[in-house]
Each structure stands twice: as structure tokens, then as C-alpha cells.
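Below is one structure, written out as C-alpha cells; the observations come after it.
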Amino acid sequence: MKKDLLIIDGYNMIGAWPELVKLKDQDQMEDARDSLLHQLSNYQRYEGIEIWVVFDAQLVPGIQKSYQRYTVTVIFTKEGETADSFIERIVSEKNNRLTQVTVATSDLAEQWLVFSRGALRKSANELYKDLKESNKSIKMETEKFHSQTIRRNSPWDLEQLVDLEQLLSQLSEKKDNGNL
């Protein structure tokens, strides 16, 4: 089975996702990056994929660096190198028989280029919708697990609970009829 690697143009997502656009417009770029990484870490864990988020060094000058944040690999390109050129290079290196690379960007030229190199592509909007669907699934599974845990911790089994419910119903009828 192939390993899935999702490479994301970070500033492209920040410029497209509503809650991140608000942070960007308020000059809170660090908060926007952090929120993006936090959301992607949950998505990564749930979907069982590896995620790399690439940011242009143009907005954060300095040397190229790579680190882990919330289990997501974060890459700032070299000064003067765009996220697009970095992503193109990585797609050529990483997309092979063992790894399926998907690139998330809304830049159509970039989408066509990575697609021509064998990678899959996803727009910022598609990734946002996928992330929201995963969050819904996580919430539903959490609620299901929680309700099962409550039942598991109950001293009563299902048959006893049914009997108790019937007894309660009978007592309620008697009370309503004035027999109690």
C-alpha cells in the first residue's frame, strides 16, 4: 500500500480559508499559520496521511528551516525561493511507487505542473471541505465512543435496563390512576 503525502502551500490556504483570512487581515499571520497547522494535525491523524506545509520565506525572511509542529512537517523555503518551486522539486523527488503525493494549492498553473509530474492535486476549497468532513466524522465517532463508554460503565445490562424501564412505566401508570 502506498504512503500518502499531502504537500500544502501554506499561504495559499491562509488566503482561502475564511477563518484564516480574518486573522491575516488583522495582521495576525503567526496566529493564522498556527491555526492552519493545528487544524491540519487533526486531519492528518484521522486520515492517516503525512502532511508537509510549505511557506514562502519571502514573508518570513531567514534561512531555510524545517520542523515539526503538532506532528505536521513545516517547511520555510530558502530566501528568494517560492513555495511553488520548492513543491515542484519535492514532487519530483517524492512521488514514486511507494509514495502518492497530493499537492493542495489553488494556483492553477501549479496544479497542472504537479499533475503532469504524476502527483494528485487538490484546491484550497476542496481541502477545506475535506477537513470539515473529517471534523464531523471525528465528532460523531467521539460521541459514539462516549455513549458506549457510559453504557459500558453502567452496572446494568441491556435486559435489566429494559426491565427497569417497563417497571417505571407500570409505576407511572399506577400513580396516574391513583393506585399509589
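This chain uses plain numbering: 1 for the first residue, then up along the sequence. Reckoned from all heavy atoms, side chains included, excluding hydrogens, waters and symmetry mates.
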Minimum-distance pair of heavy atoms, taken over all atoms of Asn95 and Ala119: ND2-N, 3.5 Å
Side-chain H-bond candidate by donor/acceptor type, Gln44 with Thr71, under 3.5 Å: yes
Which residues share a salt bridge (Lys or Arg N to Asp or Glu O under 4.0 Å) with Glu30, sequence neighbours left out: Arg33
Taking every non-hydrogen atom, the tightest pair across Tyr46 and Ile138: CD1-CG1, 3.4 Å
Residues in side chain to side chain contact (heavy atoms under 4.5 Å, CB included) contact with Ile49, at least two apart in sequence or another chain: Asp4, Leu6, Tyr43, Glu47, Ile51
Reported NZ-to-NZ distance for the pair Lys136 and Lys139, which is rounded to 0.5 angstrom: 10.0 Å
Nearest non-hydrogen partners of Asn96 and Lys2, listed with the distance: O-NZ, 3.4 Å
Short N-O contact, Lys24 and Glu19, less than 4.0 angstrom: no
Within 6.0 Å of NZ in Lys122, more than 12 heavy atoms from elsewhere: yes
Minimum heavy-atom distance between Gln39 and Leu131, given as atom pair plus value: OE1-CD2, 3.2 Å
Residue pair Leu40, Asn42: steps toward the side-chain contact (heavy atoms from CB on, under 4.5 Å) verdict: CA-CA 5 Å; Leu40 291 171; Asn42 292 333; over 6 Å; no
Heavy-atom donor-acceptor pair, Ser172 side chain to Leu168 backbone, under 3.5 Å: yes
Distance (rounded to the nearest 0.5 Å) between Asp9 CG and Ile87 CD1: 4.5 Å
ILVMFWY cluster, Leu36 and Met29 together (side-chain gap under 4.5 Å): yes
Close side-chain approach of Ile8 and Trp52, heavy atoms under 4.5 Å: no
Straight-line distance of Asp31 CG to His38 NE2, nearest 0.5 Å: 13.0 Å
CH2 on Trp17 to NZ on Lys132, rounded to 0.5 Å: 8.0 Å
N/O donor-acceptor pair under 3.5 Å between Thr77 side chain and Phe86 backbone: no
Any side-chain heavy-atom pair of Val53 and Phe55 under 4.5 Å: yes
Within 6.0 Å of NZ in Lys22, more than 12 heavy atoms from elsewhere: no
Flag side-chain contact, heavy atom, 4.5 Å: Ser92 against Glu88: no
Atom CD of Glu159: over 12 foreign heavy atoms under 6.0 Å: no
Nearest heavy-atom neighbours spanning Ser106 and Asn12: N-OD1, 2.9 Å
Minimum-distance pair of heavy atoms, taken over all atoms of Val21 and Ala16: CG2-N, 3.9 Å
Glu165, CD: over 12 other non-hydrogen atoms inside 6.0 angstrom: no
From CD (Glu50) to CD1 (Ile7), nearest 0.5 Å: 9.0 Å
Rounded distance [0.5 Å steps], CG in Asp84 versus OG1 in Thr105: 6.0 Å
Pair Asp34, Tyr70: side-chain N/O donor-acceptor within cut-off below 3.5 Å: yes
Beyond-backbone contact of Val74 with Leu37, side-chain heavy atoms, under 4.5 angstrom: yes
Any donor-acceptor N/O pair, Ser35 side chain to Ala32 backbone, under 3.5 Å: no
